[in-house]
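No hydrogens, no waters, no symmetry mates; every other heavy atom, side chains included, goes into these values. This one's a predicted model, so the numbers in the text were calculated from it and none came from an experiment.
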Amino acid sequence: MAWDWKVFCKETTTGDIIAGCFGKGGDQTYLNWILSAWGWTLTVSLSALVVALVAGLVMGTLRTLPDNPWLVRLANAWVELFRNIPLLVQIFLWYFVVPAIFPAMKDVPSEILVILALGFFTSARVAEQVRSGIQALPRGQRYAGMALGFSTAQTYRYVLLPMALRIVIPPMTSESMNIIKNSSVAFAVSVAELTFFARQSGEETSQPVEMYLAVTLLYAVSAFAVNRIMGFIEKKSRVPGFVAAGGMSGGH
């Protein structure tokens with residue numbers, strides 16, 4: 001099979017080869033388009049990750065509160081709701097159902113709806129990681145905070161969460177990589193990200209192999225970059241001698 005990588009130098013409307021592969025003025029090559037699609041993939045993924053981290057941190061913390069069963073039930077319901085509904089279904093709910101119930105949402109761009117759907121879906125998994133991280137800490141740390149006169153909120157803020165967030169970085173690396181891969185479902189509501197580009201450009205050029213290979217490479221590069229960044233953060237924030245099962249290792 002002969003692959004023609006010059007397809008990325010073609011202008012998207014006329015099919016003419018453009019020198020340098022970058023369009024000028026109103027011209028746009030497939031290289032311009034794929035780079036724009038990559039930008040949308042990263043924008044949606046990183047924005048959804050912020051939503052997931054904020055919502056997941058709150059819900060994961062609420063699930064470990066010792067004396068407020070109603071908040072625990074609320075957080076548990078959140079996790080079960082967003083964890084048990086397929087992501088694609090959630091995107092369709094946000095895109096079709098929510099605007100029908102709340103007319104003000106009709107003017108919200110589809111990119112924002114995808115960010116909310118992907119962020120809340122991932123927040124359920126983040127909440128599980130945060131809960132596990134807090135519960136992996138020795139009980140003595142909570143009691144130490146109480147002995148110092150801290151309130152429950154202060155104990156979480158100054159004692160429990162700083163430690164818990166450090167030990168959940170490894171599983172959070174996987175979630176950060178997954179959110180980039182899961183962003184591919186945004187093509188279902190016409191968000192011009194990488195999968196949308198591959199499908200559309202493959203049909204226009206009749207060269208889907210080159211398009212999908214290029215998109216696959218960009219997904220892999222994005223996930224690898226996230227992996228390296230999270231690995232660096234883990235290395236810098238690692239707690240010396242801490243064992244995630246709930247104790248301290250010796251010799252440190």
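- Here CZ of R83 is found 13.5 Å from OG1 of T122. Values are rounded to the nearest 0.5 Å.
- Placement of L116 and L46 in two distinct hydrophobic clusters is found when ILVMFWY residues are connected by side-chain heavy-atom separations under 4.5 Å, directly or transitively.
- No continuous path of hydrophobic side-chain contacts links W70 to V79 [ILVMFWY only; heavy atoms under 4.5 Å].
- Of the N and O atoms on the side chains of S184 and Y219, not one donor lies less than 3.5 Å from an acceptor on the other residue.
- Taken from CG in L57 to OG1 in T61, the straight-line distance is 4.5 Å, to the nearest 0.5 Å.
- A side-chain donor-acceptor contact under 3.5 Å links E80 and N84.
- A donor-acceptor pair shorter than 3.5 Å can be found between the side chains of R131 and Q135.
- A donor-acceptor pair under 3.5 Å is formed between the side chain of T173 and the backbone N or O of I169.
- Panel note: side chain E128, backbone G60; no donor-acceptor pair is recorded below 3.5 Å.
- R199 and Y212 form no side-chain donor-acceptor contact under 3.5 Å, judged by distance and modelled atom types alone.
- Taken from CD1 in I179 to CG in L87, the straight-line distance is 9.5 Å, to the nearest 0.5 Å.
- Of the N and O atoms on the side chains of S183 and W40, not one donor lies less than 3.5 Å from an acceptor on the other residue.
- Side-chain contact annotation: W94 with S110, donor-acceptor N/O pair under 3.5 Å absent.
- Note: the hydrophobic cluster containing V114 does not contain V54 (ILVMFWY, side chain heavy atoms under 4.5 Å, direct or indirect links).
- Atom CD1 of residue I115 and atom OG of residue S45 lie 9.0 Å apart, to the nearest 0.5 angstrom.
- Under a cut-off of 6.0 angstrom, the local environment of CZ in F224 is sparse, with at most 12 non-hydrogen atoms contributed by other residues, nucleotides or ligands.
- A distance of 6.0 Å or more separates the ring centres of Y30 and F8.
- By the rule that hydrophobic residues join a cluster once side-chain heavy atoms approach within less than 4.5 Å of another member, M230 and F232 end up as members of separate clusters.
- Within the model, atoms CD1 of I134 and CG of L161 stand 5.0 Å from one another, a figure rounded to the nearest 0.5 Å.
- A distance-only check finds a donor-acceptor pair linking the side chain of T41 to the backbone of A37 [under 3.5 Å].
- Under a 3.5 Å cut-off, the side chain of N68 and the backbone N or O of L65 do not form any donor-acceptor pair.
- Ring orientation note: the planes of F150 and Y158 are tilted relative to one another, at an angle of 30° to 60°.
- Here the straight-line distance linking atom CZ of F121 with atom CG of N182 works out to 6.0 Å at 0.5 Å rounding.
- Hydrophobic clustering, with ILVMFWY side chains joined whenever heavy atoms are under 4.5 angstrom apart, groups I233 together with M172.
- At least one donor-acceptor pair under 3.5 Å links the side chain of T12 to the backbone N or O of Q28.
- In summary, R166 and E234 do not engage in a salt bridge, as defined by a charged side-chain N under 4.0 Å from a carboxylate O.
- Counting only distance, with no hydrogens or angles, the side chain of N178 and the backbone of S174 share a donor-acceptor pair below 3.5 Å.
- Other residues, nucleotides and ligands place more than 12 heavy atoms under 6.0 Å from the CZ atom of R73.
- A donor-acceptor distance shorter than 3.5 angstrom exists from the side chain of S123 to the backbone of F120, with no hydrogens or angles considered.
- With no hydrogens or angles considered, a side-chain donor-acceptor pair links E11 and T14 at under 3.5 Å.
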